[in-house]
> 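The structure under discussion is supplied below as structure tokens; questions concerning it will follow.
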Amino acid sequence: MLKGKKIVLGVCGGIAAYKAVELLRLYIKAGAEVFVVMTRHAQEFVTPLTFQTLSGNPVHTDLFNLYQEKEIGHISLADRADLFVLAPATANVIGKLACGIADDLLTTTVMATKAPVLVVPAMNVNMWENSIYRENEERLRRHGYQIMEPATGYLACGWEGKGKLPDPSAIFAASEALLVPKDLAGEVILVTAGPTCEPLDPVRYMSNNSSGKMGYAIAKAAQQRGARVFLVSGPVALEPPSGVEYYPVKRAQEMLATVERLWEPTTVLIKAAAVADYRPREVAEGKIKKGEGESLMLELVKNPDILAQLGAKKGNRLLVGFAAETDDLLANARKKLTAKNLDLIVANDIAQPGAGFDVDTNIVRLLTPDGDVEALPLLAKSEVATILLDRIASLLCTRRGSVE
Ligand code: PMT
């Protein structure tokens with residue numbers, strides 16, 4: 001997302017300035033070109049040389065430096081930015097911006113830019129709660145600045161509370177989100193992810209190897225593209241992406257009940273979850289004891305097919321299923337596409353290395369009811385998510401166009 005983008009990183013004078021170095025490294029690793037602007041106070045905490053060495057670009061510090069102004073004036077810095085990030089942003093700089101004061105290079109450049117501005121405050125908790133500061137933040141928000149919530153914890157000043165700079169990876173994710181086109185705004189996308197766990201007794205269950213990575217990548221990308229996202233997830237070790245509405249579930253029946261509860265406002269359903277087709281008929285009240293015999297019989301009963309049930313009452317919604325197959329990939333996927341009344345099915349050939357369960361990549365084919373098959377190469381699950389959402393966006397566009 002950030003590859004080739006020009007980011008101006010404004011660093012203000014606070015102890016968290018050292019974390020801006022890590023943020024800069026993340027941007028560079030993602031292929032962005034970064035221009036750092038530092039306030040005078042920021043240079044008391046970290047030297048410009050550190051940022052200059054890591055960014056490969058001169059660091060800008062002084063509004064009235066004839067050399068810097070000749071090389072790249074503050075207006076051209078403001079013009080060239082695809083994104084402006086202020087991290088850490090102090091109460092002082094936020095206060096100046098809220099009042100339209102441009103008395104140094106950083107504030108002047110921010111005020112001259114037309115790029116989206118992400119402000120990441122970091123300060124003492126009492127300053128953050130101060131009513132004047134709160135009004136300043138609110139004013140910036142009203143003027144279209146994106147403000148991140150600080151993290152809570154032990155602060156360098158000795159206090160505990162809100163005011164820490166969020167983790168650089170969270171600032172990175174927020175930066176990406178600002179640059180994504182919001183082509184799914186207005187959609188309500190329900191994504192299911194992960195495995196279901198069907199209990200045998202209080203300590204044992206039947207499940208599968210789904211890590212949730214595919215579904216979570218879709219949920220994150222959909223949220224960044226402006227959709228309201230419900231993420232209904234079986235038990236996985238992943239953090240839900242920020243900004244999604246998260247519904248943890250365990251059993252298939254619970255997943256069905258949750259999806260039905262969220263069904264009314266949903267416009268697109270994407271079922272990446274690996275739902276157990278069967279569950280034990282009985283769940284033992286106590287732990288099943290090892291018996292004398294060499295085997296143990298378990299009776300299984302069919303779980304509801306969530307996607308098929310919803311396919312039968314889909315209305316105007318767009319339904320996308322997944323098919324995890326070890327053989328006859330296309331024939332099996334086609335059967336599911338028709339039987340479940342889907343608009344698109346993502347067939348993953350889980351017999352291939354790098355595809356399917358519990359890996360960071362996938363190899364998929366996208367099938368539509370008119371017989372189209374799009375084969376994608378081995379891609380990161382985040383890239384599969386982007387392409388899948390591109391196809392969904394264009395299906396929605398065609399559908400909306402034909403209704404109007
Ligand atoms: O989670 P990861 O480790 O990233 O792995 C990703 C994945 C391999 C789990 C994912 O890419 C995938 O293929 N998910 C669907 C797996 C699956 O259950 O496929 P299926 O062919 O059994 O089911 C077909 C479709 O019906 C799926 O959309 C499934 O969610 C749905 N289904 C299945 C059974 C059932 N009882 N209810 C359902 O809704």
Side-chain angles (χ1 to χ4, degrees), residues 190-198 206-221 231-238 240-241 249-260 262-263 266 268-279 300-314 317-367 376 378-385 387-388 392:
L190 196 168
V191 181
T192 70
T196 60
C197 295
E198 308 298 335
M206 289 170 43
S207 190
N208 59 64
N209 285 334
S210 171
S211 61
K213 288 178 181 173
M214 190 66 252
Y216 278 54
I218 296 168
K220 178 179 171 189
L231 174 60
V232 179
S233 172
V236 294
L238 302 174
V249 297
K250 286 204 173 109
R251 293 172 298 121
Q253 286 166 302
E254 247 183 280
M255 185 174 275
L256 172 65
T258 309
V259 169
E260 282 192 321
L262 300 169
W263 191 233
T266 295
V268 179
L269 171 69
I270 307 176
K271 277 219 88 258
V275 184
D277 286 323
Y278 293 91
R279 67 176 186 278
L300 304 179
V301 291
K302 242 189 185 155
N303 262 333
D305 189 319
I306 303 169
L307 195 47
Q309 285 198 18
L310 296 167
K313 52 171 181 181
K314 77 182 214 189
R317 295 173 188 86
L318 204 110
L319 254 59
V320 179
F322 272 73
E325 307 293 342
T326 50
D327 40 69
D328 293 333
L329 179 72
L330 291 182
N332 284 325
R334 258 188 212 111
K335 262 189 227 155
K336 289 175 185 172
L337 179 73
T338 313
K340 302 187 189 214
N341 196 16
L342 307 179
D343 299 284
L344 187 70
I345 194 157
V346 184
N348 23 212
D349 183 352
I350 56 171
Q352 291 194 59
F357 290 86
D358 203 14
V359 283
D360 292 332
T361 52
N362 211 349
I363 307 169
V364 303
R365 289 170 199 214
L366 309 180
L367 283 74
L376 301 181
L378 176 83
L379 293 171
K381 281 181 175 163
S382 57
E383 294 170 306
V384 174
I387 295 172
L388 176 61
I392 291 172

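As the structure lists them, so they are numbered: ligands from 1, and atoms in each ligand from 1.
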> If you look at every heavy atom in A355 and D349, which pair is closest and at what distance?
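In terms of heavy atoms, the two residues are closest at CB-O, 3.5 Å.
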> Would you say ligand 1 has an N or O under 3.5 Å from any N or O of I350?
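Not met; the criterion fails.
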> Quick one: nearest non-hydrogen protein atom to atom 25 (C) of ligand 1, plus distance?
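So the nearest neighbour among protein heavy atoms is F322 O, 3.0 Å.
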> So, does K381 sit close enough to ligand 1 that a heavy atom of it is under 4.0 Å from the ligand?
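Distance cut 4.0 Å: K381 passes for ligand 1.
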> Considering heavy atoms of the protein only, find what lies nearest to atom 6 (C) of ligand 1 and give residue, atom and distance to 0.1 Å.
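It is M214 CB, 3.6 Å.
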> Check ligand 1 against G321 and write out every atom of the ligand that is under 4.0 Å from a heavy-atom position of the residue.
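With G321 as reference, the close atoms of ligand 1 come out as 28 (O).
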> Any atom of ligand 1 sitting under 4.0 Å from a heavy atom of A323?
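Per 4.0 Å heavy-atom rule, A323 contacts ligand 1.
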> For the pair D305 (side chain) and L307 (backbone), establish whether a donor and an acceptor sit closer than 3.5 Å, ignoring hydrogens and angles.
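Yes: the side chain of D305 pairs with the backbone of L307.
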> What is the nearest protein non-hydrogen atom to atom 37 (N) of ligand 1, stated with its residue, atom name and distance?
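Nearest protein contact, heavy atoms only, for atom 37 (N) of ligand 1 is I306 N, 3.1 Å.
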> Taking NZ in K250 as the centre, count heavy atoms belonging to other residues, nucleotides or ligands within less than 6.0 Å. Is the count above 12?
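No - once you tally the heavy atoms of other residues, nucleotides and ligands closer than 6.0 Å, there are 12 at most.
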> Under the 3.5 angstrom rule, does the side chain of N208 hit a backbone N or O of A274 as a donor-acceptor pair?
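Yes, N208 side chain to A274 backbone: donor-acceptor pair under 3.5 Å.
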> At what distance, to the nearest 0.5 angstrom, does OG1 of T338 lie from CZ of R334?
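Those atoms lie 9.0 Å apart.
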> Tell me, which protein residue and heavy-atom name are nearest atom 11 (O) of ligand 1, and how many Å apart are they?
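Ranked first by proximity to atom 11 (O) of ligand 1 is N348 OD1, 2.6 Å.
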> What is the nearest protein non-hydrogen atom to atom 14 (N) of ligand 1, stated with its residue, atom name and distance?
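It is A272 O, 2.9 Å.
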> Considering I218, T196, D277, which one's heavy-atom position lies nearest to atom 34 (C) of ligand 1?
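That would be D277.
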> Should A355 be listed as contacting ligand 1, given a heavy-atom distance under 4.0 Å as the test?
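Outside the 4.0 Å threshold, so no.
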> Under 3.5 Å, is there a donor-acceptor pair between the side chain of K381 and the main chain of G356?
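Yes, the answer is positive, given that a donor and an acceptor are paired below the 3.5 Å cut-off.
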> Could you tell me which atoms of ligand 1, counted from 1 in the order shown, lie closer than 4.0 angstrom to a heavy atom of K213?
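Under 4.0 Å from K213, ligand 1 has these atoms: 1 (O), 2 (P), 4 (O).
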> With no hydrogens and no angle check, is any side-chain donor or acceptor of R365 less than 3.5 Å from a backbone partner on V346?
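The answer is no, because no donor-acceptor pair under 3.5 Å joins these two groups.
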> Look at atom 1 (O) of ligand 1 and find which of A339, A276, S210 reaches it with the closest heavy atom.
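The residue whose heavy atom sits nearest atom 1 (O) of ligand 1 is S210.
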> Determine whether the side chain, the backbone, both or neither of P304 has a heavy atom under 4.0 Å from any heavy atom of ligand 1.
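Near ligand 1, P304 shows its backbone, while the atoms from C-beta on stay back.
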> Has the side chain of Q253 got a donor or acceptor atom that lies under 3.5 Å from a matching backbone atom of P304?
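No, Q253 side chain to P304 backbone: no donor-acceptor pair under 3.5 Å.
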> Consider every N or O of N303 and every N or O of ligand 1, then say whether any pair is closer than 3.5 Å.
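The answer is no, given that N303 and ligand 1 share no N or O pair closer than 3.5 Å.
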> Thinking salt bridges, do E325 and K335 make one under a 4.0 Å N-O criterion?
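Looking at E325 and K335, the cut-off is not met.
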> State whether the shortest distance between N or O atoms of G212 and N or O atoms of ligand 1 falls below 3.5 angstrom.
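Right, the criterion is met.
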> Can you tell me the protein heavy atom closest to atom 20 (P) of ligand 1 and the distance?
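Heavy-atom neighbour on the protein nearest atom 20 (P) of ligand 1: K336 NZ, 3.6 Å.
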> Thinking salt bridges, do E260 and K313 make one under a 4.0 Å N-O criterion?
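Counted as a salt bridge, because a side-chain N and a carboxylate O are separated by less than 4.0 Å.
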> Atom OG1 of T196 and atom CD1 of I306: how far apart are they, to the nearest 0.5 Å?
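Taking OG1 in T196 and CD1 in I306, the distance rounds to 7.5 Å.
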> Any heavy-atom pair between the side chains of L319 and K340 that's under 4.5 Å?
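The answer is no; the side chains never approach within 4.5 Å.
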> For atom 19 (O) of ligand 1, what is the nearest protein heavy atom, given as residue, atom name and distance?
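Minimum-distance protein heavy atom for atom 19 (O) of ligand 1 reads A324 N, 3.5 Å.
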> In this structure, does ligand 1 have an atom that sits under 4.0 Å from one of the heavy atoms of Q309?
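Flag not set, Q309 not near ligand 1.
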> When only distance counts, is T192 in polar contact with ligand 1, meaning an N/O pair under 3.5 Å?
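There is no such contact.
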> Measure the distance from atom 29 (C) of ligand 1 to every protein heavy atom, then report the residue, atom name and distance (to 0.1 Å) of the closest one.
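The protein heavy atom lying closest is A273 O, 3.5 Å.
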> Under 3.5 Å, side chain of N303 to main-chain N/O of A276, donor-acceptor pair present?
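Judged by distance alone, yes, a pair lies under 3.5 Å.
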